[in-house]
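Nothing here was measured: the structure is a model prediction, and the numbers come from that model.
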Amino acid sequence: MYGIPSWAIIGDMGYALSRLEIGSDCDGDMRVNGAGEGQVSDKPLNNLDDEIAQLTRMKSGPSAHLSQVLPGKREVFVSPVKMLAGRECNYSGKGRFSAGDCCHVLGRYLPVNGPWLVDQMTSRAYVSQFSSDGSLFIAGFQGSHIRIYNVDSGWKVQKNILAKSLRWTITDTSLSPDQRFLVYASMSPIIHLVNVTSAETESLANITEVHEGLDFCAHGDGRDSFGIFSVKFSTDGRELVAGSSDDSIYVYDLETNKLSLRILAHRSDVNTVCFADESGHLVYSGSDDTFCKVWDRRCFISKGKAAGILEGHVEGITFIDSRGDGRYLISNGKDQTIKLWDIRKMSNNATNYNRPINYDWDYRWMDYPPHAKNLMHPRDRSVATYKGHSVLRTLIRCYFSPEYSTGQKYIYTGSHNSCVYIYDLLTGVLVATLKHHKSPVRDCSWHPQYPMLVSSSWDGDVVKWEFPGSGEAPTPPNKKRVRRRHFY
């Protein structure tokens, strides 16, 4: 369990100090399901099913013996004193705090203090991710740089990678399960692989180190014209799964060093792919055709079609994150919403959503039309919808909060309006808005164990947010900014 200082567990635990004001002055539609325009509702989402609500409460709440006041009535928050007394009485039956008890304490301390500057580059940041154990942090920039920071060594740059044959930008990176290798993708059919554990700090492509090129072209000649938007290692580290601009999902076998499978998966760009759970059998994909699809890797070759389709977005999907249980996932959409899905509600067939007549909009350079904010898909199969952030200009990412420290009771996302938004999964309430950046926040990452979140932006800044904070002075909001050259 993450250590909590003694001063932090007195009284009401200072919850009001660990969150920002809900009435943010950031741009965007602050309306949540069941709430009026420009407001946030404290009422539960009307369409949130009971099962995920119960699962989340079990993972993020204290023992039922501790929270029960009267028969059928439970406390929303149990004080640390009562929890300590319950531990002495062995209410959990384990002689210690349960995982739910720990999440109940840690989950109330959101990483909102700061920010503290980690790095500042002269080009746009596109990717920022913690490793699975939180010891490393990877940031990818449009100006060909990928930096790997050693979190446990004071954010020292462990690897400074200068990408090879970059087209437009670093679109995605993925760290192997053993944290030995990193792959990076751009708007090219070639994905490059780098040895992270080598002694060289400066990794210049094919100068100080070899960046092995993995050809994802079906003919293996590197001439097919498409880009890779998303790439992930398989659970065993033997394969790569990627989504591309030619509407396809690719599987690359690292042991045989060749492309093993291509599936024409969608009717438009495949912007995101991810694994459903640790088994690695199920893969989720999201596309500009507005559909999330579920794929069973055991049936890829024999069936060649999706196991199921999830429809509900009225615009393209920019990112998907799995809850890790092989059942629930969230997706960020260009319709300015995050949707929560249960794959047991998927269908075998789906038809494209017909937009209103004279509806012409391009998210890359236009604001979302005001009259489109209330559009609803007639066959929406999602469990819940979250609104408030903005998804414009780039493929903005969203995630579940960590299981260890929060029980996945929150979801968080970057936003075009330069903020990071944190929502309560069960109620849809916007619990925190992090403001520092001057440009769109494409990616952000919550530490898997500690109340720490790192955000990166097109302004080139990589900053960390913490609770209670590291004791350093926060970055002044009016600090002198470096003049940036963007690469087009």
Could you tell me whether the side chain of [Y] reaches within less than 4.5 Å of the side chain of [X], counting heavy atoms only?
X      : Y      : result
Leu254 : Arg238 : no
Leu240 : Leu214 : yes
Tyr284 : Ile343 : yes
Lys59  : Thr406 : no
Ile422 : Leu430 : no
Trp168 : Ser186 : no
Cys292 : Ile317 : yes
Trp458 : Arg393 : yes

Worked check of side-chain hydrogen bond (donor to acceptor under 3.5 Å, both in side chains) between His266 and Asp289:
CA-CA 7 Å; His266 289 267; Asp289 64 9; 3.0 Å; yes
Taking all non-hydrogen atoms of both residues, which atom of [X] and which atom of [Y] are closest, and how far apart?
X      : Y      : result
Trp295 : Ser285 : NE1-OG, 2.9 Å
Ser131 : Pro448 : O-CG, 4.0 Å
Pro440 : Ser418 : N-OG, 4.1 Å
Ile396 : Val391 : CD1-CA, 4.1 Å

If only side-chain N and O atoms count, and only distance matters, is there a donor-acceptor pair under 3.5 Å linking [Y] with [X]?
X      : Y      : answer
Tyr363 : His416 : no
Ser415 : Ser390 : yes
Tyr250 : Asp246 : yes
Tyr252 : Asn257 : yes
Asp335 : His313 : yes
Tyr399 : Asn332 : no
Asp461 : His437 : no
Arg344 : Tyr328 : yes

So how far is it from [X] [atom1] to [Y] [atom2], rounded to the nearest 0.5 Å?
X      : Y      : atom1 : atom2 : result
Ser144 : Tyr184 : OG    : OH    : 8.5 Å
Phe275 : Lys232 : CZ    : NZ    : 9.0 Å
Phe319 : Thr272 : CZ    : OG1   : 5.0 Å
Asp342 : Arg381 : CG    : CZ    : 11.5 Å
Ile170 : Ile146 : CD1   : CD1   : 4.0 Å
Ser457 : Tyr126 : OG    : OH    : 10.5 Å

Within a reach of under 6.0 Å around [atom1] of [X], are more than 12 heavy atoms found that belong to other residues, nucleotides or ligands?
X      : atom1 : answer
Arg267 : CZ    : no
Met366 : CE    : yes
Asp236 : CG    : yes

Using 4.0 Å as the upper bound for N to carboxylate O, is an ion pair formed by [Y] and [X]?
X      : Y      : answer
Asp459 : Arg124 : no
Asp443 : Arg397 : yes
Glu51  : Arg327 : yes

Less than 6.0 angstrom separating the ring centers of Tyr450 and Phe130, yes or no?
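No, the ring centres sit 6.0 Å or more apart.
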Yes or no on side chain to side chain contact (heavy atoms under 4.5 Å, CB included) for Val420 and Thr433, after CA distance, side-chain angles and deciding distance?
CA-CA 6 Å; Val420 176; Thr433 305; over 6 Å; no
Passes side chain to side chain contact (heavy atoms under 4.5 Å, CB included), His389 versus Ile338? Steps please.
CA-CA 9 Å; His389 61 294; Ile338 293 175; 3.4 Å; yes
Non-neighbouring partners of Thr318 that pass side chain to side chain donor-acceptor pair (under 3.5 Å), sequence neighbours left out:
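Partners of Thr318 under the side chain to side chain donor-acceptor pair (under 3.5 Å) test: none.
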For a salt bridge (charged side-chain N to carboxylate O under 4.0 Å, His left out) check, start with the C-alpha distance between Asp380 and Lys339, then their side-chain angles and the critical distance, and finish with the verdict.
CA-CA 10 Å; Asp380 189 352; Lys339 286 187 177 290; 2.9 Å; yes
Might you work through the side chain to side chain contact (heavy atoms under 4.5 Å, CB included) test for Thr413 and Tyr423, ending with a clear yes or no?
CA-CA 9 Å; Thr413 178; Tyr423 299 98; 4.1 Å; yes
